[in-house]
Amino acid sequence: MANNEDRGHEHSHDHSHGHSHEHGEMSELSNTQLRVRSLETVLAEKGYVDSAALDAIVEAYETRIGPQNGARVVARAWADPEFRAALLEDASTAVNTMGNVSPVGSHLIAVENTAERHNMVVCTLCSCYPWEVLGLPPTWYKSAPYRSRAVLEPRAVLSEFGVSLPEETEVRVWDSTAETRYIVIPERPEGTEGWSEEQLAALVTRNSMIGTGLAQRPDEIAGDS
Amino acid sequence: MSNSIHDMGGMHGFGPVEEEPNEPVFHTKWESRVYAMNRAMGPLRLWTIDEGRAAQEALHPAVYANASYYQRWLLGLEARALQHGLVTKNELAAGKALEENDRPNRIFKAEDAANLTRASFDREPQGEPVFKAGDNVRTLNINPPGHTRLPRYARDKIGEVEAVRGCHVFPDSVANGKGDDPQWLYTVVFDGQTLWGADAEPGLKISIEAFEPYIEAI
(Lines give C-alpha, C1' and ligand atoms only; values in the text may rest on other atoms or scores of the structure.)
Protein backbone atom coordinates (compact mmCIF):
# COMPACT_ATOMS: atom_id res chain seq x y z
CA MET A 1 0.00 0.00 0.00
CA ALA A 2 2.83 2.39 0.83
CA ASN A 3 3.99 2.68 -2.76
CA ASN A 4 0.40 3.21 -3.86
CA GLU A 5 0.14 6.23 -1.62
CA ASP A 6 2.78 7.96 -3.60
CA ARG A 7 1.07 7.49 -6.91
CA GLY A 8 -0.62 10.59 -8.20
CA HIS A 9 -4.10 10.51 -9.58
CA GLU A 10 -5.79 12.22 -12.48
CA HIS A 11 -5.55 15.99 -12.10
CA SER A 12 -3.73 15.78 -8.80
CA HIS A 13 -0.52 16.87 -10.48
CA ASP A 14 0.30 20.18 -12.12
CA HIS A 15 -1.71 22.90 -10.55
CA SER A 16 0.42 25.65 -11.93
CA HIS A 17 -2.44 26.83 -14.14
CA GLY A 18 -4.27 29.77 -12.72
CA HIS A 19 -7.95 28.99 -12.33
CA SER A 20 -9.56 27.46 -9.26
CA HIS A 21 -6.94 28.64 -6.81
CA GLU A 22 -8.60 31.96 -6.19
CA HIS A 23 -11.50 30.10 -4.62
CA GLY A 24 -9.36 28.54 -1.99
CA GLU A 25 -11.04 25.17 -1.83
CA MET A 26 -8.45 23.45 -3.97
CA SER A 27 -5.36 25.22 -2.72
CA GLU A 28 -4.44 22.16 -0.68
CA LEU A 29 -5.15 19.73 -3.46
CA SER A 30 -1.57 18.58 -3.77
CA ASN A 31 -1.87 17.65 -0.11
CA THR A 32 -4.91 15.48 -0.67
CA GLN A 33 -3.30 12.58 1.09
CA LEU A 34 -2.54 14.63 4.22
CA ARG A 35 -5.97 16.12 4.14
CA VAL A 36 -7.63 12.70 4.05
CA ARG A 37 -5.48 11.46 6.92
CA SER A 38 -6.36 14.53 8.94
CA LEU A 39 -10.09 14.14 8.34
CA GLU A 40 -10.03 10.45 9.24
CA THR A 41 -8.01 11.10 12.40
CA VAL A 42 -10.35 13.83 13.62
CA LEU A 43 -13.51 11.87 12.79
CA ALA A 44 -12.09 8.76 14.49
CA GLU A 45 -10.94 10.63 17.61
CA LYS A 46 -14.37 12.20 17.93
CA GLY A 47 -16.05 8.82 17.57
CA TYR A 48 -17.74 9.28 14.18
CA VAL A 49 -15.79 6.61 12.32
CA ASP A 50 -13.98 3.47 13.40
CA SER A 51 -10.82 2.92 11.39
CA ALA A 52 -11.23 -0.87 11.57
CA ALA A 53 -14.66 -0.46 10.01
CA LEU A 54 -13.14 1.60 7.21
CA ASP A 55 -10.64 -1.23 6.61
CA ALA A 56 -13.56 -3.66 6.40
CA ILE A 57 -15.41 -1.52 3.84
CA VAL A 58 -12.32 -1.23 1.66
CA GLU A 59 -11.68 -4.95 1.92
CA ALA A 60 -15.28 -5.73 0.92
CA TYR A 61 -14.96 -3.77 -2.31
CA GLU A 62 -11.47 -5.07 -3.05
CA THR A 63 -12.54 -8.69 -2.64
CA ARG A 64 -16.23 -9.63 -2.38
CA ILE A 65 -18.25 -6.89 -4.03
CA GLY A 66 -17.35 -6.63 -7.68
CA PRO A 67 -18.45 -7.47 -11.20
CA GLN A 68 -18.08 -11.18 -10.47
CA ASN A 69 -21.45 -10.86 -8.70
CA GLY A 70 -23.15 -9.35 -11.72
CA ALA A 71 -21.57 -11.98 -13.96
CA ARG A 72 -23.16 -14.72 -11.86
CA VAL A 73 -26.51 -12.96 -12.12
CA VAL A 74 -26.26 -12.75 -15.91
CA ALA A 75 -25.11 -16.36 -16.23
CA ARG A 76 -28.07 -17.52 -14.15
CA ALA A 77 -30.43 -15.46 -16.32
CA TRP A 78 -29.00 -17.06 -19.45
CA ALA A 79 -29.21 -20.57 -18.05
CA ASP A 80 -32.54 -20.42 -16.22
CA PRO A 81 -35.60 -18.92 -17.98
CA GLU A 82 -37.59 -18.74 -14.76
CA PHE A 83 -34.82 -16.80 -13.05
CA ARG A 84 -34.52 -14.54 -16.09
CA ALA A 85 -38.23 -13.71 -15.86
CA ALA A 86 -37.98 -13.05 -12.12
CA LEU A 87 -34.91 -10.87 -12.64
CA LEU A 88 -36.64 -8.73 -15.26
CA GLU A 89 -39.67 -8.44 -12.99
CA ASP A 90 -37.81 -7.46 -9.78
CA ALA A 91 -34.04 -7.68 -9.89
CA SER A 92 -33.41 -6.90 -6.20
CA THR A 93 -35.62 -9.77 -5.07
CA ALA A 94 -34.36 -12.20 -7.71
CA VAL A 95 -30.68 -11.58 -6.95
CA ASN A 96 -31.26 -12.15 -3.25
CA THR A 97 -32.61 -15.65 -3.98
CA MET A 98 -29.31 -16.71 -5.56
CA GLY A 99 -27.22 -17.37 -2.48
CA ASN A 100 -23.84 -17.12 -4.22
CA VAL A 101 -23.69 -13.33 -4.58
CA SER A 102 -23.48 -10.66 -1.89
CA PRO A 103 -26.89 -9.24 -0.91
CA VAL A 104 -28.47 -6.31 -2.70
CA GLY A 105 -30.81 -3.65 -1.39
CA SER A 106 -33.67 -1.91 -3.10
CA HIS A 107 -34.34 -0.61 -6.58
CA LEU A 108 -32.09 -2.77 -8.78
CA ILE A 109 -33.47 -3.04 -12.31
CA ALA A 110 -32.21 -5.44 -15.01
CA VAL A 111 -32.59 -4.52 -18.67
CA GLU A 112 -32.01 -7.05 -21.40
CA ASN A 113 -30.17 -6.64 -24.68
CA THR A 114 -31.83 -8.22 -27.70
CA ALA A 115 -31.17 -8.32 -31.43
CA GLU A 116 -33.40 -5.22 -31.67
CA ARG A 117 -32.18 -3.20 -28.70
CA HIS A 118 -28.85 -2.44 -27.03
CA ASN A 119 -28.96 -0.91 -23.54
CA MET A 120 -26.34 1.37 -22.03
CA VAL A 121 -26.26 2.92 -18.56
CA VAL A 122 -24.89 6.30 -17.46
CA CYS A 123 -25.34 8.82 -14.68
CA THR A 124 -24.92 12.28 -16.20
CA LEU A 125 -25.46 14.12 -12.89
CA CYS A 126 -23.00 12.26 -10.67
CA SER A 127 -21.87 8.68 -11.13
CA CYS A 128 -24.68 6.44 -9.87
CA TYR A 129 -23.80 2.81 -10.45
CA PRO A 130 -25.08 -0.56 -9.21
CA TRP A 131 -22.30 -1.03 -6.64
CA GLU A 132 -23.80 -4.16 -5.14
CA VAL A 133 -23.61 -6.20 -8.33
CA LEU A 134 -20.76 -4.49 -10.20
CA GLY A 135 -18.57 -3.11 -7.39
CA LEU A 136 -17.20 0.40 -7.68
CA PRO A 137 -17.26 2.02 -11.11
CA PRO A 138 -14.17 2.34 -13.28
CA THR A 139 -12.71 5.83 -13.72
CA TRP A 140 -14.03 6.18 -17.26
CA TYR A 141 -17.61 5.71 -16.05
CA LYS A 142 -17.16 8.61 -13.63
CA SER A 143 -15.35 10.79 -16.16
CA ALA A 144 -16.67 13.91 -17.86
CA PRO A 145 -16.25 12.40 -21.36
CA TYR A 146 -18.55 9.48 -20.58
CA ARG A 147 -21.07 11.44 -18.54
CA SER A 148 -21.37 14.14 -21.22
CA ARG A 149 -21.38 11.97 -24.32
CA ALA A 150 -23.21 8.76 -23.40
CA VAL A 151 -26.60 10.46 -23.83
CA LEU A 152 -25.61 12.59 -26.83
CA GLU A 153 -23.66 10.15 -29.00
CA PRO A 154 -23.68 6.67 -27.51
CA ARG A 155 -22.72 5.01 -30.81
CA ALA A 156 -19.61 7.16 -30.99
CA VAL A 157 -18.80 6.22 -27.40
CA LEU A 158 -19.41 2.55 -28.17
CA SER A 159 -17.00 2.74 -31.08
CA GLU A 160 -14.29 3.90 -28.67
CA PHE A 161 -14.93 0.67 -26.78
CA GLY A 162 -14.66 -1.28 -30.05
CA VAL A 163 -18.39 -1.96 -30.22
CA SER A 164 -20.19 -1.43 -33.50
CA LEU A 165 -23.90 -2.16 -33.73
CA PRO A 166 -26.09 -2.58 -36.82
CA GLU A 167 -27.70 0.70 -37.90
CA GLU A 168 -31.19 -0.69 -37.28
CA THR A 169 -30.47 -1.63 -33.66
CA GLU A 170 -32.14 0.71 -31.18
CA VAL A 171 -29.64 2.18 -28.73
CA ARG A 172 -31.34 2.83 -25.42
CA VAL A 173 -29.47 4.94 -22.88
CA TRP A 174 -30.63 4.87 -19.26
CA ASP A 175 -29.64 8.00 -17.33
CA SER A 176 -29.65 7.00 -13.64
CA THR A 177 -31.10 10.22 -12.31
CA ALA A 178 -32.76 8.69 -9.21
CA GLU A 179 -32.14 5.84 -6.76
CA THR A 180 -33.01 3.12 -9.23
CA ARG A 181 -29.90 1.25 -10.40
CA TYR A 182 -29.54 -0.50 -13.73
CA ILE A 183 -27.66 -3.60 -14.81
CA VAL A 184 -27.60 -4.70 -18.45
CA ILE A 185 -28.12 -8.35 -19.32
CA PRO A 186 -25.98 -8.75 -22.44
CA GLU A 187 -26.95 -11.16 -25.20
CA ARG A 188 -25.80 -14.72 -24.67
CA PRO A 189 -23.03 -15.53 -27.13
CA GLU A 190 -23.56 -18.25 -29.70
CA GLY A 191 -21.79 -21.54 -29.24
CA THR A 192 -22.46 -21.73 -25.49
CA GLU A 193 -25.29 -24.26 -25.51
CA GLY A 194 -25.10 -26.58 -22.54
CA TRP A 195 -22.48 -24.50 -20.70
CA SER A 196 -22.58 -24.40 -16.92
CA GLU A 197 -23.35 -21.16 -15.12
CA GLU A 198 -19.73 -20.96 -14.04
CA GLN A 199 -18.52 -21.28 -17.63
CA LEU A 200 -21.06 -18.71 -18.79
CA ALA A 201 -20.10 -16.23 -16.05
CA ALA A 202 -16.53 -16.19 -17.38
CA LEU A 203 -17.86 -14.61 -20.60
CA VAL A 204 -19.61 -11.73 -18.82
CA THR A 205 -17.43 -8.63 -18.63
CA ARG A 206 -18.09 -5.63 -16.46
CA ASN A 207 -18.49 -3.42 -19.52
CA SER A 208 -21.09 -5.78 -20.99
CA MET A 209 -23.21 -5.16 -17.87
CA ILE A 210 -22.86 -1.37 -18.25
CA GLY A 211 -23.59 -1.62 -21.95
CA THR A 212 -20.26 -0.39 -23.30
CA GLY A 213 -19.27 -3.92 -24.23
CA LEU A 214 -20.68 -7.24 -25.34
CA ALA A 215 -20.29 -10.58 -23.63
CA GLN A 216 -17.18 -12.37 -24.82
CA ARG A 217 -17.49 -15.12 -27.42
CA PRO A 218 -16.13 -18.58 -26.54
CA ASP A 219 -13.19 -18.10 -28.94
CA GLU A 220 -12.26 -14.82 -27.20
CA ILE A 221 -11.52 -16.57 -23.91
CA ALA A 222 -10.16 -19.77 -25.41
CA GLY A 223 -6.59 -18.65 -24.75
CA ASP A 224 -7.23 -17.73 -21.12
CA SER A 225 -6.01 -20.01 -18.39
CA MET B 1 -27.39 23.76 -7.20
CA SER B 2 -28.99 22.73 -10.47
CA ASN B 3 -27.34 24.45 -13.44
CA SER B 4 -23.72 23.73 -12.63
CA ILE B 5 -20.90 21.72 -14.14
CA HIS B 6 -22.05 18.40 -12.64
CA ASP B 7 -25.00 18.39 -15.07
CA MET B 8 -22.86 17.15 -17.95
CA GLY B 9 -25.28 15.39 -20.28
CA GLY B 10 -24.81 16.64 -23.84
CA MET B 11 -21.76 18.83 -23.19
CA HIS B 12 -18.96 18.96 -25.74
CA GLY B 13 -15.23 19.25 -25.36
CA PHE B 14 -14.21 16.63 -22.81
CA GLY B 15 -12.58 14.37 -25.38
CA PRO B 16 -12.67 10.60 -25.84
CA VAL B 17 -13.65 8.05 -23.22
CA GLU B 18 -10.44 6.36 -22.16
CA GLU B 19 -10.41 3.00 -20.49
CA GLU B 20 -7.57 2.13 -18.13
CA PRO B 21 -6.40 -1.45 -18.63
CA ASN B 22 -6.50 -3.59 -15.47
CA GLU B 23 -7.74 -0.70 -13.39
CA PRO B 24 -7.52 -1.34 -9.63
CA VAL B 25 -10.57 -0.77 -7.40
CA PHE B 26 -8.71 2.12 -5.73
CA HIS B 27 -5.65 3.85 -7.20
CA THR B 28 -4.29 5.08 -3.90
CA LYS B 29 -4.87 4.39 -0.26
CA TRP B 30 -6.41 7.83 0.29
CA GLU B 31 -9.09 7.11 -2.31
CA SER B 32 -10.12 4.01 -0.38
CA ARG B 33 -10.22 5.94 2.91
CA VAL B 34 -12.37 8.71 1.39
CA TYR B 35 -14.79 6.16 -0.01
CA ALA B 36 -14.96 4.21 3.24
CA MET B 37 -15.46 7.34 5.36
CA ASN B 38 -18.36 8.39 3.18
CA ARG B 39 -19.94 4.93 3.47
CA ALA B 40 -19.35 4.73 7.21
CA MET B 41 -20.89 8.15 7.84
CA GLY B 42 -24.10 7.30 5.96
CA PRO B 43 -25.68 5.11 8.69
CA LEU B 44 -25.17 7.87 11.28
CA ARG B 45 -28.05 9.58 9.45
CA LEU B 46 -26.56 13.01 9.88
CA TRP B 47 -27.36 13.79 6.28
CA THR B 48 -28.95 12.19 3.23
CA ILE B 49 -27.46 10.96 -0.03
CA ASP B 50 -28.92 13.97 -1.80
CA GLU B 51 -27.36 16.36 0.68
CA GLY B 52 -24.08 14.63 -0.13
CA ARG B 53 -24.63 15.21 -3.85
CA ALA B 54 -25.64 18.81 -3.24
CA ALA B 55 -22.41 19.41 -1.31
CA GLN B 56 -20.39 18.37 -4.37
CA GLU B 57 -22.59 20.34 -6.75
CA ALA B 58 -21.96 23.44 -4.65
CA LEU B 59 -18.24 23.30 -5.43
CA HIS B 60 -17.08 26.03 -7.79
CA PRO B 61 -17.38 24.69 -11.35
CA ALA B 62 -13.65 25.06 -11.92
CA VAL B 63 -12.93 23.15 -8.72
CA TYR B 64 -15.39 20.44 -9.67
CA ALA B 65 -13.95 20.10 -13.17
CA ASN B 66 -10.37 19.88 -11.93
CA ALA B 67 -10.99 17.47 -9.08
CA SER B 68 -10.98 13.70 -9.46
CA TYR B 69 -14.00 11.71 -8.34
CA TYR B 70 -12.61 10.90 -4.91
CA GLN B 71 -11.25 14.43 -4.46
CA ARG B 72 -14.83 15.66 -4.91
CA TRP B 73 -15.99 13.13 -2.34
CA LEU B 74 -13.35 14.43 0.04
CA LEU B 75 -14.33 18.06 -0.48
CA GLY B 76 -18.01 17.20 -0.11
CA LEU B 77 -17.41 15.23 3.09
CA GLU B 78 -15.25 17.96 4.60
CA ALA B 79 -17.91 20.53 3.78
CA ARG B 80 -20.68 18.52 5.44
CA ALA B 81 -18.58 17.65 8.49
CA LEU B 82 -17.88 21.36 8.95
CA GLN B 83 -21.48 22.46 8.27
CA HIS B 84 -22.84 19.94 10.76
CA GLY B 85 -20.29 20.96 13.36
CA LEU B 86 -18.72 17.50 13.57
CA VAL B 87 -15.27 18.98 13.09
CA THR B 88 -13.76 22.45 13.07
CA LYS B 89 -11.35 24.03 10.62
CA ASN B 90 -8.78 24.19 13.40
CA GLU B 91 -9.10 20.47 13.99
CA LEU B 92 -8.67 19.66 10.30
CA ALA B 93 -5.63 21.92 10.16
CA ALA B 94 -4.18 20.35 13.31
CA GLY B 95 -5.02 16.81 12.25
CA LYS B 96 -6.42 15.97 15.66
CA ALA B 97 -9.50 16.51 17.79
CA LEU B 98 -9.31 19.70 19.87
CA GLU B 99 -12.81 19.92 21.25
CA GLU B 100 -15.05 17.67 23.32
CA ASN B 101 -18.14 16.33 21.59
CA ASP B 102 -21.16 14.15 22.27
CA ARG B 103 -20.57 10.70 20.84
CA PRO B 104 -22.99 9.57 18.12
CA ASN B 105 -25.60 7.01 19.20
CA ARG B 106 -24.61 4.60 16.50
CA ILE B 107 -21.55 4.11 14.42
CA PHE B 108 -20.62 1.88 11.49
CA LYS B 109 -18.73 -1.16 12.84
CA ALA B 110 -16.41 -3.55 11.03
CA GLU B 111 -19.02 -6.32 11.19
CA ASP B 112 -21.53 -4.06 9.43
CA ALA B 113 -19.39 -4.37 6.29
CA ALA B 114 -20.81 -7.87 5.86
CA ASN B 115 -24.00 -6.28 4.60
CA LEU B 116 -23.26 -3.19 2.52
CA THR B 117 -26.66 -3.03 0.88
CA ARG B 118 -28.42 0.12 -0.18
CA ALA B 119 -31.14 1.68 1.86
CA SER B 120 -34.67 1.79 0.49
CA PHE B 121 -35.86 5.11 -0.85
CA ASP B 122 -39.46 3.90 -1.05
CA ARG B 123 -41.89 5.90 1.05
CA GLU B 124 -45.60 5.75 1.80
CA PRO B 125 -47.43 7.39 -1.12
CA GLN B 126 -49.42 10.52 -0.44
CA GLY B 127 -51.79 9.62 -3.27
CA GLU B 128 -52.16 7.60 -6.46
CA PRO B 129 -49.70 8.12 -9.30
CA VAL B 130 -51.00 10.69 -11.78
CA PHE B 131 -49.36 9.02 -14.77
CA LYS B 132 -49.17 5.48 -16.13
CA ALA B 133 -47.05 3.67 -18.68
CA GLY B 134 -47.83 4.91 -22.19
CA ASP B 135 -48.77 8.46 -21.18
CA ASN B 136 -47.17 11.28 -23.14
CA VAL B 137 -45.77 13.94 -20.86
CA ARG B 138 -43.72 17.10 -21.01
CA THR B 139 -40.90 17.76 -18.58
CA LEU B 140 -41.01 21.15 -16.93
CA ASN B 141 -38.68 23.99 -17.72
CA ILE B 142 -37.26 24.49 -14.25
CA ASN B 143 -34.02 26.12 -13.16
CA PRO B 144 -34.06 25.92 -9.38
CA PRO B 145 -31.20 27.42 -7.40
CA GLY B 146 -31.13 24.31 -5.19
CA HIS B 147 -30.60 20.61 -5.85
CA THR B 148 -32.64 18.84 -8.52
CA ARG B 149 -32.32 15.59 -10.46
CA LEU B 150 -33.92 16.80 -13.67
CA PRO B 151 -30.97 17.26 -16.03
CA ARG B 152 -30.89 20.34 -18.26
CA TYR B 153 -30.87 18.36 -21.50
CA ALA B 154 -34.23 16.80 -20.60
CA ARG B 155 -36.13 19.92 -19.54
CA ASP B 156 -39.16 21.13 -21.51
CA LYS B 157 -39.13 17.97 -23.66
CA ILE B 158 -41.91 15.62 -24.66
CA GLY B 159 -41.46 11.99 -23.76
CA GLU B 160 -43.38 8.88 -22.84
CA VAL B 161 -43.85 7.33 -19.43
CA GLU B 162 -42.47 3.81 -19.65
CA ALA B 163 -42.74 2.59 -16.09
CA VAL B 164 -43.82 3.63 -12.61
CA ARG B 165 -40.93 2.90 -10.24
CA GLY B 166 -42.57 3.49 -6.88
CA CYS B 167 -42.94 6.44 -4.55
CA HIS B 168 -39.53 7.71 -3.46
CA VAL B 169 -37.86 10.36 -1.35
CA PHE B 170 -37.90 13.58 -3.40
CA PRO B 171 -34.32 14.86 -3.81
CA ASP B 172 -35.40 18.44 -4.54
CA SER B 173 -36.98 18.55 -1.10
CA VAL B 174 -34.74 16.44 1.08
CA ALA B 175 -31.48 17.97 -0.16
CA ASN B 176 -32.80 21.40 0.69
CA GLY B 177 -33.73 20.51 4.24
CA LYS B 178 -37.47 20.20 3.61
CA GLY B 179 -38.01 16.55 4.42
CA ASP B 180 -38.70 13.44 2.31
CA ASP B 181 -41.83 14.80 0.55
CA PRO B 182 -42.32 11.41 -1.22
CA GLN B 183 -43.14 11.57 -4.93
CA TRP B 184 -43.97 9.02 -7.60
CA LEU B 185 -41.01 8.15 -9.76
CA TYR B 186 -41.30 7.30 -13.45
CA THR B 187 -39.00 6.19 -16.22
CA VAL B 188 -39.64 8.68 -19.03
CA VAL B 189 -38.18 7.92 -22.44
CA PHE B 190 -37.37 10.45 -25.19
CA ASP B 191 -36.48 10.05 -28.86
CA GLY B 192 -32.94 11.09 -29.66
CA GLN B 193 -34.25 13.72 -32.10
CA THR B 194 -36.45 15.27 -29.42
CA LEU B 195 -33.38 15.96 -27.31
CA TRP B 196 -30.69 16.56 -29.90
CA GLY B 197 -32.45 17.56 -33.11
CA ALA B 198 -32.33 16.19 -36.63
CA ASP B 199 -28.67 15.19 -36.40
CA ALA B 200 -29.23 12.80 -33.49
CA GLU B 201 -27.74 9.35 -33.91
CA PRO B 202 -30.24 6.98 -35.60
CA GLY B 203 -32.42 4.77 -33.45
CA LEU B 204 -31.48 6.52 -30.24
CA LYS B 205 -33.72 6.59 -27.18
CA ILE B 206 -32.76 8.10 -23.84
CA SER B 207 -34.60 7.74 -20.58
CA ILE B 208 -34.40 9.57 -17.30
CA GLU B 209 -35.93 8.75 -13.95
CA ALA B 210 -38.41 11.58 -13.44
CA PHE B 211 -40.21 12.47 -10.24
CA GLU B 212 -43.86 13.42 -10.67
CA PRO B 213 -43.25 17.14 -10.01
CA TYR B 214 -40.89 17.17 -13.02
CA ILE B 215 -43.59 16.31 -15.56
CA GLU B 216 -46.97 17.48 -16.76
CA ALA B 217 -49.66 15.97 -18.97
CA ILE B 218 -49.92 17.10 -22.58
Side-chain angles (χ1 to χ4, degrees), chain A residues 1 4-5 7 9-11 19-20 23 25-26 32-33 36 38-42 45-50 52-54 56-58 60-62 103-106 124-126 132 136 138-140 142 144-148 151-153 155 157 160 167 170-175 177-180, chain B residues 6-11 14-20 23 25 27-30 32-34 36-37 39-40 53 60 62-63 66 68-69 71 74 86-87 91-92 95-97 101 103-104 107-110 113 115-118 120-121 149 151 165 168 185 201-209:
Chain A
M1 279 312 211
N4 266 356
E5 285 219 43
R7 283 178 55 188
H9 191 238
E10 43 169 5
H11 309 303
H19 57 273
S20 87
H23 307 289
E25 290 166 271
M26 292 292 271
T32 298
Q33 216 185 97
V36 172
S38 174
L39 182 61
E40 180 179 338
T41 304
V42 176
E45 287 181 0
K46 300 186 93 167
Y48 293 108
V49 299
D50 168 4
L54 303 188
I57 292 170
V58 172
Y61 283 96
E62 285 186 332
V104 304
S106 302
T124 61
L125 295 174
C126 41
E132 296 158 316
L136 298 178
T139 298
W140 63 258
K142 303 175 287 192
Y146 187 71
R147 287 168 55 190
S148 60
V151 287
L152 175 67
E153 44 176 9
R155 282 176 184 267
V157 171
E160 287 162 22
E167 185 123 318
E170 176 189 317
V171 176
R172 168 61 180 276
V173 180
W174 302 79
D175 191 353
T177 57
E179 296 308 332
T180 40
Chain B
H6 70 281
D7 185 354
M8 290 181 170
M11 287 178 76
F14 288 117
V17 180
E18 289 173 4
E19 197 174 11
E20 179 185 332
E23 183 175 354
V25 175
H27 291 76
T28 60
K29 187 174 178 193
W30 71 258
S32 71
R33 302 315 276 182
V34 168
M37 278 192 275
R39 283 306 294 268
R53 292 191 182 110
H60 189 281
V63 172
N66 276 314
S68 74
Y69 177 75
Q71 284 170 334
L74 169 65
L86 309 186
V87 302
E91 287 176 321
L92 293 181
K96 59 181 181 185
N101 64 298
R103 299 279 145 159
I107 178 172
F108 191 95
K109 299 279 194 199
N115 190 14
L116 281 165
T117 56
R118 306 183 68 226
S120 175
F121 293 82
R149 296 290 289 179
R165 299 296 186 190
H168 286 206
L185 179 67
E201 287 185 351
L204 171 59
K205 287 187 185 291
I206 300 109
S207 61
I208 62 166
E209 309 291 89

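Every chain is numbered from 1 and lettered A, B, ... according to where its sequence line falls, protein lines coming before strand lines.
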If we define contacts as heavy-atom pairs under 4.5 Å, which of [options] has the most with chain B?
| options | value |
| --- | --- |
| A:Val49, A:Leu125, A:Leu39 | A:Leu125 |
| A:Ala52, A:Pro145, A:Pro138, A:Ala60 | A:Pro145 |
| A:Thr177, A:Asp50, A:Thr124 | A:Thr177 |
| A:Val173, A:Thr41, A:Val157, A:Thr180 | A:Val173 |

If we only count heavy atoms from C-beta on, is the [X] to [Y] side-chain gap below 4.5 Å?
| X | Y | answer |
| --- | --- | --- |
| B:Pro104 | A:Tyr48 | yes |
| B:Leu86 | A:Lys46 | no |
| B:Pro202 | A:Glu167 | yes |

For this session: Go through the steps for A:Arg172 and B:Ser207 under the test side chain to side chain contact (heavy atoms under 4.5 Å, CB included), then give the verdict.
Result: CA-CA 8 Å; A:Arg172 168 61 180 276; B:Ser207 61; 2.9 Å; yes
Measure distances from [X] to the heavy atoms of chain B and classify the residue's part below 4.5 Å as side chain, backbone, both or neither.
| X | result |
| --- | --- |
| A:Leu136 | side chain |
| A:Val104 | backbone |
| A:Glu160 | side chain |

Taking every non-hydrogen atom, the tightest pair across [X] and [Y]:
| X | Y | result |
| --- | --- | --- |
| B:Glu18 | A:Trp140 | O-CB, 3.4 Å |
| A:Leu54 | B:Ala40 | CD2-CB, 3.6 Å |
| B:Thr117 | A:Gly105 | CB-N, 3.7 Å |
| B:Ala36 | A:Val58 | CB-CG2, 3.9 Å |
| A:Cys126 | B:Arg53 | SG-NE, 3.3 Å |
| A:Pro103 | B:Asn115 | CG-OD1, 3.4 Å |

Between [X] (side chain) and [Y] (backbone), is there a donor-acceptor pair under 3.5 Å?
| X | Y | value |
| --- | --- | --- |
| A:Glu132 | B:Arg118 | yes |
| B:Glu201 | A:Arg155 | yes |
| A:Glu45 | B:Lys96 | no |

For this session: Return the option, out of B:Glu19, B:Arg33, B:Glu91, with the maximum number of heavy-atom pairs under 4.5 Å with chain A.
Result: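 Highest number of pairs under 4.5 Å: B:Arg33.
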Exercise. Going by atom types only, do B:Glu20 and A:Thr139 share a side-chain donor-acceptor pair under 3.5 Å?
Worked result: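 No.
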Region of [X] in contact with chain A, defined by heavy-atom distances below 4.5 Å:
| X | result |
| --- | --- |
| B:Leu92 | both |
| B:Ile206 | both |
| B:Asn101 | side chain |
| B:Arg149 | both |

Exercise. Step by step, would you call B:Thr28 with A:Gln33 a side chain to side chain contact (heavy atoms under 4.5 Å, CB included)?
Worked result: CA-CA 9 Å; B:Thr28 60; A:Gln33 216 185 97; over 6 Å; no
Exercise. About how many Å separate OH of B:Tyr69 and NZ of A:Lys142, when rounded to the nearest 0.5 Å?
Worked result: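 Answer for the NZ-OH pair, A:Lys142 versus B:Tyr69, is 5.5 Å.
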Problem set entry | Rounded distance (nearest 0.5 Å) linking atom CG of B:Leu116 with atom CD1 of A:Ile57 |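 The CD1 atom of A:Ile57 is 6.0 Å from CG of B:Leu116, to the nearest 0.5 Å.
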Exercise. What do the steps show when you test B:Met37 against A:Val36 for side chain to side chain contact (heavy atoms under 4.5 Å, CB included), and what is the final call?
Worked result: CA-CA 10 Å; B:Met37 278 192 275; A:Val36 172; 3.9 Å; yes
Exercise. Could you go step by step and tell me if A:Arg147 and B:His6 meet the side chain to side chain contact (heavy atoms under 4.5 Å, CB included) rule?
Worked result: CA-CA 9 Å; A:Arg147 287 168 55 190; B:His6 70 281; 4.1 Å; yes
